[in-house]
Protein chains: 2
Amino acid sequence: MNLSVAEENYIKSIYKLEETTDGVTTTGLAYELDTKPASVTDMAKKLKEKKLIDYEKYQGISLTAEGKKAALHIIRRHRLWECFLVEKLDFSWEEVHELAEELEHVRSEKLTNRLSEFLGNPVIDPHGDPIPDAQGKMGKQRTQVSLDQARTKRLEVTAVSDKSTALLEFLTAKGIRLGTQLEIIERYEFDNSIEIKIRNQPAFTISEQVSKNIMVRPV
Amino acid sequence: MNLSVAEENYIKSIYKLEETTDGVTTTGLAYELDTKPASVTDMAKKLKEKKLIDYEKYQGISLTAEGKKAALHIIRRHRLWECFLVEKLDFSWEEVHELAEELEHVRSEKLTNRLSEFLGNPVIDPHGDPIPDAQGKMGKQRTQVSLDQARTKRLEVTAVSDKSTALLEFLTAKGIRLGTQLEIIERYEFDNSIEIKIRNQPAFTISEQVSKNIMVRPV
DNA sequence: TTTCTAAGTTAGATTTGTCTAAATTTTATT
DNA sequence: AATAAAATTTAGACAAATCTAACTTAGAAA
């Protein structure tokens, strides 16, 4: 199956929305791809034709098995390039997403697998997301909850869901990265903000917007 | 200046033709890009508009200073990726050209410069071509002639001009790579083929087509 | 100098991916 | 159930890059 860059981006976004929301809608996908619902409808017809998605007028979109496989291959490439950029070229985690968005579209299995090998077949990327293997299989995510829903006080950061430079720069500035251990001091109900403390540093408060995007596990 | 992939490929091909032929014609460029003269005319208008080429109807095409600079940046990226693929991912020289054709279009100065640094700022690529530096300056090619025009008997291979898999595989099979030292045994005038000998191996004959694409220097 | 041919250009069509505006369907609300 | 609101689709248009077919120009040959 030969996909255009645009088609690959649709597949990837559909996969992401299937993971994080329930039901992929025309409008939701348009928002995710920063395009218009009308464009999504057009592309949906094309991807249905290629048997990558199930789609009926007004009934939403979902990936077929083949579509899912395609998505996992794109995600594999994306995450491997992110590893490369961080580990070999010394980029920081907030810089790599955009570059990987471009590099991921170079479709060569040989390149992908050689790159993986060169990096020591990593299983998580710089944002804590798992990397599918050459067959498209992904190691089960360790059970992780977003910080705003955590039940226990002492936690370790396992991943970040929003890859925007803005969020990642903010976290870096606050000293939060993968593996950071933190403690919840207080929850403020009026705006769902949370006061947290890292090690012996002074406590500080983060908004719900931020805590929603920090994935953690009890420690 | 923001160039599309198609525009970058035109600029690159124009640069190549300026180097290897005299005068860049519509037909020649169409042939190089595997497209039609009519398409070249269309694109020429666009690139003239962007001040990357000088172009007047029926008068041929040439790069402006700005166009040349753009070309050198693209070539830099292409050759650095070729080095990466060969040196780090263990690809052979006949496999890397096509992949680099895709990777070269990821436009990020930071990525390019970090990659160069990671590779130890190489100055020649796996085919023996010089790599422009971050400013677009290229180390003077060592004086090199194609094998079919060499004046002396004992020669060393410095570069290969045709990057097709077919030629490179042939050379590899014959034991010819960068740095290979060889001796001209005989020239056959009727078809301009050449009999050569490497080290102590038995001599063999190569066609003019091949010898034209092997660059050498006296040794 | 005229004529012919190869090279180059224009005109109009096509494909991909997008858009806006209008029409339609679904869903939520009274 | 009727109607309003929101979501979705259709219709028609556009830009980029390409093509074919027809036309024009430049330069070589006579």
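In what follows, chains are A, B, ... by sequence order, proteins preceding strands, each numbered from 1.
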Without swapping roles, check the side chain of A/Arg114 against the backbone of B/Asp90 for a donor-acceptor pair under 3.5 Å. yes
In whole angstroms, the gap separating P of C/dA6 from OH of B/Tyr31 amounts to 18 Å
| query | Within the structure, does a side-chain N or O atom of A/Thr41 lie under 4.0 Å from either OP1 or OP2 of D/dT10? | reply | no
The residue, A/Glu7 or B/Thr26, whose nearest nucleotide of DNA chain C is more 5′ is B/Thr26
Which of C/dT10, D/dC19, D/dA17 is nearest the side chain of B/Lys45? It is C/dT10
Checking C/dT9, C/dT20, D/dT10 against the side chain of A/Asp42 (C-beta onward), the nearest is D/dT10
Quiz prompt | Flag, side chain of B/Thr172 to backbone of B/Leu168, donor-acceptor distance under 3.5 Å | solution = yes
Residues pairing under ring pair (Phe, Tyr, Trp, His ring centres under 6.0 Å) where one sits in residues 86-109 of chain B, two or more places apart or in two chains, turn out to be B/His78-B/His97
Categorize A/Ser39 for me: base, sugar-phosphate, or nothing, with a 4.0 angstrom heavy-atom threshold over every strand shown. base
Between CG of A/Leu47 and P of C/dT16 the distance, given in whole Å, is 13 Å
Answer yes or no: does atom CZ of A/Phe118 have more than 12 heavy-atom neighbours from other residues, nucleotides or ligands under 6.0 Å? yes
Contact check, residues 49-58 of chain B vs DNA chain D, heavy-atom distance under 4.0 Å, returns B/Tyr58
side-chain N/O B/Thr35 vs D/dA17 OP1/OP2, d < 4.0 Å | no
With a non-hydrogen cut-off below 4.0 angstrom, is A/Ala38 in contact with a base, only sugar-phosphate, or nothing?
base
In whole angstroms, the gap separating C1' of C/dC19 from CE of A/Met43 amounts to 14 Å
Can you tell me if A/Tyr10 touches the phosphate of C/dT18, counting only side-chain N or O atoms and a distance under 4.0 Å to OP1 or OP2?
yes
Here the distance between atom P of C/dA22 and atom NZ of A/Lys36, to the nearest Å, is 16 Å
From CG of B/Asp34 across to P of D/dA17 the rounded distance in Å is 17 Å
Taken to the nearest 0.5 Å, the spacing of A/Leu119 CG from B/Lys88 NZ works out to 12.0 Å
A/Asp54 side chain to A/Thr64 side chain, donor-acceptor N/O pair below 3.5 angstrom: no
Using 30° and 60° as the class limits, which term best fits the ring planes of B/Phe84 and A/Trp81: parallel, tilted or perpendicular?
tilted
Among D/dT10, C/dC19, C/dG17, the one nearest any side-chain atom of A/Lys46 is C/dG17
